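These numbers come from a predicted model, not from an experiment.
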Amino acid sequence: MRRLPKSLILACLSRPLRARSPLPPLPTPPPHHPRPGRLPFSTQTLTPGPPPPPPPDAAAAAAKPAGLALLEDAELHESEGDHSKALDLALKALAPLQESHGGWSLPVARALRLAGAAASRVGLASDWLESLAAAAEIVGYLAPARRRADPEVAAVGAAVHEQLARAKMGVGRRWDAVGDFRRALDLRSGCLGEGSGELGDAYRDVAEAYAGVLDFDKALPMCLKALRVAEGRFGEGSTEVTKVRRLLSAIYIGLGRHVDALEQIDRARVVYERLGLDVEHSQVEIEGANIRILLRRSEEALNDLKRVMKRADKESEECALAYVTMAKILSSQERTQDSKRCLEIARGIIDKKDSVNPGRIVEAYTEISLLHESMSEFETALSLMKKTLAILDGAKEMHHIEGSISARIGWLLLHMERAAEAVPYLETAVDKLKNCFGPRHFGLGFAYKHLGEAYRVMEQYESAVKFLTLARSIVHDAFGPTHEDSIEMNQFLANAYGLMGSYKIAMDFQEQVVDAYKSRGSDSWEDLREAYRLREQLKMKAQGLRHAVFPAYSLPVLPDRD
């Protein structure tokens with residue numbers, strides 16, 4: 001049975017790498033202080049070009065201090081946590097600031113940044129993005145990338161782009177957020193020293209952002225820089241450094257460098273053990289056990305898990321995750337009943353939990369589902385995935401996991417010959433994965449592939465060809481034309497066009513399948529023989545011969561020889 005592509009498994013199993021403090025709760029504004037329905041601004045209405053010097057008349061002289069006073073008052077209320085008042089004052093400051101300083105000025109950018117930050121905390125999500133995007137445009141005008149920014153402009157710009165990145169993360173636009181985190185880093189690095197703590201945090205943000213879209217090659221150098229800064233600030237044995245090491249371990253896993261990943265986890269384990277942080281200690285031992293499984297060191301992994309079970313509370317999430325990981329080891333040893341017993345214990349714990357960290361519960365349910373699938377218990381796996389989606393409903397910054405789980409549900413339904421049920425899940429997956437990982441990520445390519453196959457099964461051939469063509473373009477770019485998945489994509493397109501009666505186009509794709517298998521050598525002889533047979537069937541179909549059969553996915557089974 002084919003497994004879900006690695007990219008989607010990684011996304012399913014990923015979780016936020018660093019917990020962020022929740023925004024402070026706000027009292028409901030009184031009736032005389034209503035929240036604005038929409039922020040009344042756009043960069044299109046701002047004064048274009050360099051801001052002119054303020055006119056010398058008395059009215060303008062009075063406007064300047066009024067706008068700045070409102071802005072400073074708004075910033076004061078923001079620092080005190082009164083975000084509704086800060087939003088109201090920031091909006092009031094915009095008009096006088098534009099009049100006194102020009103629309104494309106730093107004070108206006110400050111006011112827009114503050115309005116965006118305050119809007120996010122009072123629940124105006126669309127206005128939050130609009131305000132911060134306008135501020136980013138102004139900062140881009142004031143601090144172009146090719147020249148050194150004024151320190152004040154750089155400070156405001158870095159704050160704008162960081163908040164804009166977090167806003168995009170909150171609505172699932174992880175791919176877009178990477179560029180804003182990177183711009184914030186560029187602005188900070190232009191005016192801060194290499195050992196700056198603020199710069200170190202920016203390196204870590206960028207590393208997390210790249211890791212979040214599975215671009216581990218770009219994440220690695222950023223994380224190594226963040227680690228050097230953290231070691232200089234806090235010392236080798238600090239929890240701050242250990243958090244960066246855990247991120248570095250996740251990046252190494254993504255790169256397939258499992259030995260390096262294990263080294264980072266073992267160093268983190270030593271720190272947590274010395275500091276007596278039992279929960280964190282258990283977490284990294286479970287992470288270490290999973291890496292040892294990848295390195296085929298199952299006995300060492302079992303020893304790690306036994307220590308976790310002895311240390312952790314019997315009803316804790318750590319204990320549940322340890323049982324899930326133990327089930328993974330037992331399943332690989334074909335001890336199916338023992339593996340199922342571990343999964344039952346884990347579910348007994350998890351089903352009773354009302355966790356403040358839904359990511360960890362999602363991680364557990366996803367792992368359990370994968371194991372049931374490996375045992376061919378597809379209905380159980382499907383039920384768990386649907387339960388996982390329900391947990392994710394409304395969870396912030398977890399759209400990437402929601403997209404990946406939707407893709408997996410769609411794939412399972414397709415595998416179970418329930419294509420019509422699969423389509424809405426796969427369509428949701430395509431939408432969310434595109435936002436999370438970008439329009440050319442290979443994980444999105446596989447989601448397109450499964451959607452195209454679902455439409456082919458449903459005999460909606462034009463839709464099938466549309467999505468299979470999108471999938472082929474992405475997968476070919478990612479893996480090359482002779483990769484197994486690339487060849488399969490060409491075969492699917494040949495099948496779809498053949499079923500449509502477009503035999504010439506189908507033949508073109510079938511020839512590509514034949515050529516690819518030829519280039520792979522003798523190991524692909526059986527596949528090449530099937531590709532030749534299908535090509536002949538297509539030729540007969542094109543000639544109108546009734547006995548031609550296409551598509552056909554396997555050769556007739558020959559009788560065994562006694």
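- Salt-bridge formation is detected for the pair R245/E231: a Lys NZ or Arg NE/NH1/NH2 atom is positioned less than 4.0 Å from an Asp or Glu carboxylate oxygen.
- Put simply, the side chain of E198 reaches to within 4.5 Å of the side chain of R188, judged on heavy atoms.
- Side-chain N or O atoms of S486 include one that pairs as donor or acceptor with a backbone N or O of G480 at under 3.5 Å.
- In this structure, CZ on F234 lies 11.5 Å from OG1 on T242, to the nearest 0.5 angstrom.
- Once rounded to the nearest 0.5 Å, the distance linking CD of Q98 with OG of S105 reads 8.0 Å.
- Around NZ of K466, the count of heavy atoms belonging to other residues, nucleotides or ligands within 6.0 Å does not exceed 12.
- Taking 4.5 Å as the limit, some side-chain heavy atom of D201 sits within range of a side-chain heavy atom of R233.
- Listed for the S406 side chain is no donor-acceptor partner under 3.5 Å among the backbone atoms of A429.
- Salt-bridge annotation for K85 and E80: absent, with no side-chain N of the basic residue lying under 4.0 Å from a carboxylate O of the acidic one.
- Only one option out of E75, E137, E78 pairs with R113 in a salt bridge (charged side-chain N to carboxylate O under 4.0 Å, His left out); it is E78.
- Side chain of S79 to main chain of L76: a donor-acceptor pair is present (N/O by atom type, distance under 3.5 Å, no hydrogens or angles).
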Next on the checklist: Determine whether E208 and M169 satisfy the following criterion, side chain to side chain contact (heavy atoms under 4.5 Å, CB included), listing intermediate values before the conclusion.
Outcome noted: CA-CA 12 Å; E208 284 186 349; M169 293 279 283; over 6 Å; no
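- Annotation for L97 and P107: closest pair CD1-O, 3.7 Å, computed over non-hydrogen atoms.
- To the nearest 0.5 Å, the span separating CG on L224 from CD1 on I251 amounts to 8.0 Å.
- Side-chain atoms of S369 never come within 3.5 Å of backbone atoms of Y365 as a donor-acceptor pair (strictly under, hydrogens ignored).
- Ionic pairing of E287 and R246 is present here: one or more N-O contacts between side-chain nitrogen and carboxylate oxygen are shorter than 4.0 angstrom.
- Taking the six-membered ring for Trp and thresholds of 30 and 60 degrees, F442 and F446 have ring planes more than 60 degrees apart, a perpendicular arrangement.
- Among R166, K225, R182, the single residue meeting the salt bridge (charged side-chain N to carboxylate O under 4.0 Å, His left out) criterion with D205 is R166.
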Checklist entry - Can L185 and M222 be said to form a side chain to side chain contact (heavy atoms under 4.5 Å, CB included), step by step? => result CA-CA 10 Å; L185 172 62; M222 295 293 106; 3.7 Å; yes
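- Atom NZ of K434 has 12 or fewer heavy atoms from other residues, nucleotides or ligands within 6.0 Å.
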Checklist entry - Can you check side chain to side chain contact (heavy atoms under 4.5 Å, CB included) on L220 and L248, steps first, answer last? => result CA-CA 7 Å; L220 180 59; L248 183 57; 3.6 Å; yes
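- The nearest pair of heavy atoms linking H400 to F437 is CB-CZ, 4.1 Å.
- The two residues E236 and V271 make their nearest non-hydrogen contact at O-CG2, 4.4 Å.
- Minimum heavy-atom separation, I350 to A320: CG1-CB, 3.7 Å.
- Considering all non-hydrogen atoms of both residues, H161 and D180 come closest at ND1-OD1, 3.0 Å.
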Checklist entry - Do E402 and L389 pass the side chain to side chain contact (heavy atoms under 4.5 Å, CB included) test, and can you show the C-alpha distance, the side-chain angles, and the key distance before you say yes or no? => result CA-CA 6 Å; E402 188 178 351; L389 267 191; 3.7 Å; yes
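- Without hydrogens or angle criteria, H281 side chain to V308 main chain gives no donor-acceptor distance under 3.5 Å.
- In this structure, L321 CG and I286 CD1 are separated by 5.0 Å, a value rounded to the nearest 0.5 Å.
- The neighbour count for K92 NZ, taken as heavy atoms of other residues, nucleotides or ligands under 6.0 Å away, does not exceed 12.
- The two residues A407 and L433 make their nearest non-hydrogen contact at CB-CD1, 4.4 Å.
- Put simply, CD1 on I253 and CZ on F216 are 9.0 Å apart, with the number rounded to the nearest 0.5 Å.
- In this structure, CD on Q163 lies 11.5 Å from CG on L129, to the nearest 0.5 angstrom.
- Formation of a donor-acceptor pair under 3.5 Å by the R121 side chain with backbone atoms of H83 is not found in this model.
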